[in-house]
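Notes follow once the structure below has been shown.
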Number of protein chains: 2
Amino acid sequence: MTATIELTSPKAAHACGRQPGDNYCDNCKVRSLAVCAALGPEELPELDDIVHHTRADGKTTFIHQGETAESVFSVTEGMVRLYKLLSDGRRQIIGVAMPGDFLGLALHNRYGFSADAVDDVALCRFDRREFDNLVTAKPHFLRRLHEFATHELVIAQEQMTLIGRRSAEERVAAFLVAMRERWTRIKGPSVTIQLPMQRIDMADYLGLTIETVSRTLTKLARDGVILIVPEAVRVLDEKKLLSIARA
Amino acid sequence: MTATIELTSPKAAHACGRQPGDNYCDNCKVRSLAVCAALGPEELPELDDIVHHTRADGKTTFIHQGETAESVFSVTEGMVRLYKLLSDGRRQIIGVAMPGDFLGLALHNRYGFSADAVDDVALCRFDRREFDNLVTAKPHFLRRLHEFATHELVIAQEQMTLIGRRSAEERVAAFLVAMRERWTRIKGPSVTIQLPMQRIDMADYLGLTIETVSRTLTKLARDGVILIVPEAVRVLDEKKLLSIARA
DNA sequence: CGCGGCCTTGAGAAATGTCAACTTACGTGG
DNA sequence: CCACGTAAGTTGACATTTCTCAAGGCCGCG
């Protein structure tokens, strides 16, 4: 179940005479997207000192709702789903984290959600206390975290509106558009929208059932809006897709 | 439409020799609940310098989705609804702000939602730039804002789960319980849950229609869980209400 | 080659939405 | 002070969307 394996303990690599370039963060491909971008080159070693590089493979749950929050994470590769479970097993996916995203914004004592790896995921893990100390010492870093938090809040409010007030078709279309925008941000534009998650994840994200998602995708395909391919969807009629998504 | 009237311009009241107690914030009943609690007595005058006390009466819209965000607000009295509108008029209420709550956490350029007064509302308005300067100068204040933001985020995630995965009855019960907890925080406990908002607000908050809300309340009343009274609901069977709400 | 997981499709059920009538409460003006 | 008009709330009948349950197809892996 829980199996986040520490690959490297960077502490060993670091001593007094470190040069710029000696640390992982310097070479991080997603630094500019991540919270880390708030730190200048001279501050990166401080981050590097407390980071633990970690991987989680498919389905590994590395944040458990209700447990004491001892770590926070920054995603560098792969896709993570964040979800809440009701006592009877109903699940709501409250977010999908991709490279550059941060997990654990709420510096609270317990995790309010669970998180697991959709595909293979690379994470920077930080001890919450150590991370918190760094945040406290660096207001501009706190500021960046706050920007991330408010951005998340905006997304959450949009998601509420999506789930509360829009039809299945609108939800699916909006989801596809949003996924495409996120991939574009990370990898540049493409007509193919990668969907590493399964139908049930889309369903639990959109407040629908698998069957409704499936039927809706089929309908979009039948209408010539998209083409369904394994692990992805290709956009055939962008204008139409957007007009459904924007509603 | 827009009619937030400036009652008092505190600038005039202030000069060099101000004593503690000379300013409004000192006597604020909700200071301990609000973001302002992050500031010590010696810092309050700085807040007082930039605050504009404002009232908005029933139905006045004082934040317009999409407009440039020039002000942020702290609610001191009354109830505010925050909502997003779709182009065809569908509305999702994304939050209800009560005394102590802060509006405008996202220091973004445009408001992502609209806000209006449910009943008579008292607000502390701040120019976004001035407020931002204060935040930048005071990391502990930023920290408090961040705590507010992450708290909002937690609430939003719970709301997503509520709307996406729970039945009408569960939504209404959870709403009543949440409202009661909020009133308790502000005014102390009571079996009567004040509901200054109308059915349509509850509906738009819970992703339901007026009729479904009405029927659900009637059912809860029929089952002896609550008693419906004007502008409020009285809890008759707390255990049952909680068990429905918690699901 | 066969099994198991995921996806799709269909038929019918259930929950919720829609439309419309009616009630109630309340404020206004005769 | 009453009568009317309006807005909110409730209720009923019916429509629609989405869910549930069940069957079958596809595909990768052992």
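Letters A, B, ... are given to chains in the order of the sequence lines, protein chains preceding strands, and every chain is numbered from 1.
The residue among A:I210 and A:G164 whose nearest nucleotide of DNA chain C lies closer to the 5′ end is A:I210.
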Under a 4.0 Å heavy-atom criterion, the protein footprint on nucleotides 16-26 of chain D, written with B, S and -, is --SSBB-----
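Put simply, CG on A:L85 and NE2 on A:H64 are 11.0 Å apart, with the number rounded to the nearest 0.5 Å. With rounding to the nearest 0.5 angstrom, the CD1 atom of A:I193 is 5.0 Å from the CG atom of A:L176.
In summary, contact between chain A and DNA chain C, defined as any nucleotide atom under 4.0 Å from a heavy atom of the protein, begins and ends at C:dC6 to C:dA11 in the 5' to 3' direction.
Within the structure, side-chain hydrogen bond (donor to acceptor under 3.5 Å, both in side chains) contacts touching residues 238-247 of chain B (residues at least two apart or in different chains) are B:R180-B:E238. Sorted by first then second residue, the salt bridge (Lys or Arg N to Asp or Glu O under 4.0 Å) pairs that include residues 186-209 of chain B, not counting sequence neighbours, are A:R165-B:D204, B:R81-B:D201, B:R91-B:D201, B:R91-B:D204.
DNA chain C is contacted by no residue of residues 77-98 of chain A, taking any non-hydrogen atom closer than 4.0 Å.
With sequence neighbours excluded, the residues forming a side chain to side chain contact (heavy atoms under 4.5 Å, CB included) with B:D88 are B:L86, B:R90, listed by chain and number. A search for side-chain hydrogen bond (donor to acceptor under 3.5 Å, both in side chains) contacts involving A:D223 returns A:K219, not counting sequence neighbours. Taking the ring-ring contact (aromatic ring centres under 6.0 Å, His included) definition, one finds that A:Y83 meets it with nothing, sequence neighbours left out.
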Contacts table for residues 96-105 of chain A: side-chain donor-acceptor under 3.5 angstrom, sequence neighbours left out:
{"from": "A:D101", "atom 1": "OD2", "to": "A:M98", "atom 2": "N", "distance (Å)": "2.7"}
{"from": "A:D101", "atom 1": "OD2", "to": "A:R182", "atom 2": "NH2", "distance (Å)": "2.6"}

Pair up each side-chain donor or acceptor in residues 69-80 of chain B with any protein partner under 3.5 Å, not counting sequence neighbours, and list the distances.
{"from": "B:S71", "atom 1": "OG", "to": "B:R125", "atom 2": "NH1", "distance (Å)": "3.0"}
{"from": "B:T76", "atom 1": "OG1", "to": "B:A122", "atom 2": "O", "distance (Å)": "3.1"}
{"from": "B:E77", "atom 1": "OE1", "to": "B:R55", "atom 2": "NH2", "distance (Å)": "3.1"}

Which atom pairs, donor and acceptor, lie under 3.5 Å between side-chain atoms of residues 147-156 of chain A and protein residues at least two apart or in another chain?
{"from": "A:T150", "atom 1": "OG1", "to": "A:H146", "atom 2": "O", "distance (Å)": "3.2"}
{"from": "A:T150", "atom 1": "OG1", "to": "A:E147", "atom 2": "O", "distance (Å)": "3.0"}

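For the helix from C:dC1-D:dG30 to C:dG30-D:dC1, the angle separating the two terminal helix axes comes to 20°, with each axis derived from five pairs and the value rounded to 10°.
One interatomic measurement links the two molecules: CD of A:Q198 to P of D:dC27, which rounds to 16 Å at whole-angstrom precision. Regarding B:K219, its NZ atom lies at a distance of 14 Å from the P atom of D:dT11, rounded to whole Å. Whole-Å rounding puts the A:E231 CD to D:dC27 P distance at 13 Å. Atom CG in B:L220 sits roughly 16 Å away from atom P in D:dG9 (whole-Å rounding).
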Step by step, would you call B:L220 with B:I244 a side-chain contact (heavy atoms from CB on, under 4.5 Å)? CA-CA 10 Å; B:L220 288 173; B:I244 299 170; 3.8 Å; yes
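Annotation: side chain of A:T68 is in contact with side chain of A:R110 (closest heavy-atom distance under 4.5 Å).
Side-chain atoms of B:R166 come within 3.5 Å of backbone atoms of B:A245 as a donor-acceptor pair (strictly under, hydrogens ignored).
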